[in-house]
Each structure stands twice: as structure tokens, then as C-alpha cells.
Amino acid sequence: MVTYRALTPLDIEPVADFAMDGLPRSESLRASREKVLAVVAHFETGADFHLIALADGRVVGAIAAVVSEMLFFERCEAVVVMFQARGVPGVGRELLQRLRAWADADMRVRRVVLPEEMGARRGFERLLRGCGFEMTQRVSVYQKG
């Protein structure tokens, strides 16, 4: 059985470890555990959207979005900064549906942006489309070496 709930202080380290395990490996991008811990701890404050999924006491999914004002336009957008689900079928879909329900209920939020990681599996795109994320946009990235 999977339970979904907000972070508690005791969840910060296991969720950070879960996030670190799922980050893409790259020569040019380095992820530090300290940085991931700080980001996860931010979400424990409740200022932005976050949700974790637990099965048998272990983290099997997490989603978090930062809400910020849209430049030039009224209201805000939520940018998903963490979305991972592993080990239990259906957890990713449930996390996305709960994100959408939160966004639909929050008058501040005009749109939700979920950047797709480079090299993401095609099944990820199907999952997003199945959960109502209909628009796609190419993003060009300049990355210093």
C-alpha cells in the first residue's frame, strides 16, 4: 500500500537520497548531497507544493514545484523541480494527478511547467500527456564546460 503525504523533518534525508539516486549522471553537471538536502528542506516549510509517496516505510516517489510570479503576466506559475517515482507502478501518475488537483485549486497558479530532462524515456512523455500536460516546448540550453 502506498501512502501520500507532505514532508516532515524526518523525511528530508531519505527524500534527498531518493532524489540523488534518480538524478542523471553527467560529466558537466555535478549534484551535491548538501545542495539536494537544502532544496528538499525548503519544501518542508510548506511554502511551495510538495508530496512524497511511501511504500513499506521507504520513499518510492516525490514531486515538488516552486511557485513564482510570471514575468509580464498576471498570476504565478509553478515549476516542477523534482519528479521521480520508482518501484511501484502508478505512483508517478498519482503524483502528477495530485499536482494538477493542487494547481487547479490554487488561484495563484496560472500554469504548471514540468521540464523534461534530456534523454528522458518516451514513456515519460506518454505519462505526462496522459495526465493532462499537453503542450511541449523545446528548450535550448547553453552550459559552460
Side-chain angles (χ1 to χ4, degrees), residues 1-26 28-55 59-144:
M1 182 175 149
V2 178
T3 57
Y4 299 86
R5 64 172 172 77
L7 282 165
T8 68
L10 295 175
D11 297 321
I12 293 171
E13 290 211 24
V15 170
D17 292 340
F18 180 78
M20 287 289 297
D21 288 344
L23 288 175
R25 304 294 181 236
S26 169
S28 60
L29 292 173
R30 291 182 309 170
S32 74
R33 187 165 191 279
E34 293 75 26
K35 179 85 174 195
V36 173
L37 274 169
V39 170
V40 172
H42 160 81
F43 285 99
E44 193 266 328
T45 65
D48 298 298
F49 176 81
H50 70 275
L51 195 63
I52 62 170
L54 301 163
V59 179
V60 294
I63 193 165
V66 174
V67 178
S68 60
E69 188 175 330
M70 293 174 66
L71 294 176
F72 309 119
F73 301 102
E74 297 294 327
R75 300 198 340 206
C76 299
E77 73 180 359
V79 178
V80 176
V81 296
M82 177 173 59
F83 173 52
Q84 294 185 32
R86 296 189 296 280
V88 179
V91 168
R93 180 171 300 281
E94 182 67 23
L95 289 171
L96 285 173
Q97 289 173 341
R98 291 184 184 217
L99 170 70
R100 279 193 54 201
W102 163 80
D104 289 344
D106 191 323
M107 278 300 297
R108 299 174 302 159
V109 178
R110 173 76 176 127
R111 70 179 172 201
V112 176
V113 178
L114 199 161
E116 213 175 300
E117 292 197 19
M118 292 177 4
R121 293 175 290 122
R122 295 195 58 76
F124 184 67
E125 184 179 342
R126 283 192 306 275
L127 172 64
L128 292 176
R129 288 195 184 283
C131 290
F133 288 80
E134 298 168 356
M135 295 174 61
T136 61
Q137 178 179 358
R138 276 187 77 166
V139 177
S140 297
V141 177
Y142 167 73
Q143 184 170 293
K144 291 170 43 175

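Residue numbers start at 1 and run along the sequence shown. These values consider heavy atoms only, across backbone and side chains, with no hydrogens, waters or symmetry-generated copies. Remember, predicted model here, so these are calculated numbers, not experimental data.
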Please list all pairs meeting salt bridge (Lys or Arg N to Asp or Glu O under 4.0 Å) that have one or both residues in residues 89-104, counting only residues at least two apart or in different chains. Glu94-Arg98
Val39 and Met82: side chain to side chain contact (heavy atoms under 4.5 Å, CB included), yes or no, with the steps? CA-CA 10 Å; Val39 170; Met82 177 173 59; over 6 Å; no
Please assess Leu99 against Leu95 for the test side chain to side chain contact (heavy atoms under 4.5 Å, CB included), listing each intermediate value before the final yes or no. CA-CA 6 Å; Leu99 170 70; Leu95 289 171; over 6 Å; no
Under the rule for ring-ring contact (aromatic ring centres under 6.0 Å, His included), what residues qualify as partners of Phe49, not counting sequence neighbours? Trp102
Which pairs, with at least one residue in residues 5-15 and sequence neighbours excluded, count as a side chain to side chain donor-acceptor pair (under 3.5 Å)? Arg5-Asp11, Thr8-Asp11, Glu13-Arg33
Side chains of Val80 and Phe133 in contact at under 4.5 Å (non-hydrogen atoms): no
Could you walk me through whether Asp106 and Val67 satisfy the side chain to side chain contact (heavy atoms under 4.5 Å, CB included) test, starting with their C-alpha distance in whole Å, then the side-chain angles of each, then the deciding distance to 0.1 Å, before giving a yes or no? CA-CA 11 Å; Asp106 191 323; Val67 178; 5.7 Å; no
Residues passing the side chain to side chain donor-acceptor pair (under 3.5 Å) test with Arg86, sequence neighbours excluded, are Gln84
Under the ring-ring contact (aromatic ring centres under 6.0 Å, His included) test, residues paired with Phe83 that sit two or more places apart: Phe124
If you look only at pairs with a residue in residues 67-83, which of them pass as a salt bridge (Lys or Arg N to Asp or Glu O under 4.0 Å), with sequence neighbours excluded? Glu77-Arg111
Under the criterion side chain to side chain contact (heavy atoms under 4.5 Å, CB included), I'd like the reasoning laid out for Phe43 against Val15: C-alpha separation, chi angles, the key distance, then a yes or no. CA-CA 11 Å; Phe43 285 99; Val15 170; over 6 Å; no
Once side-chain contact (heavy atoms from CB on, under 4.5 Å) is applied, do any residues pair with Ala41, and if so which ones, sequence neighbours excluded? Ile12
Report all side-chain donor-acceptor pairs from residues 59-66 shorter than 3.5 Å, counting only partners two or more places apart or in another chain.
none

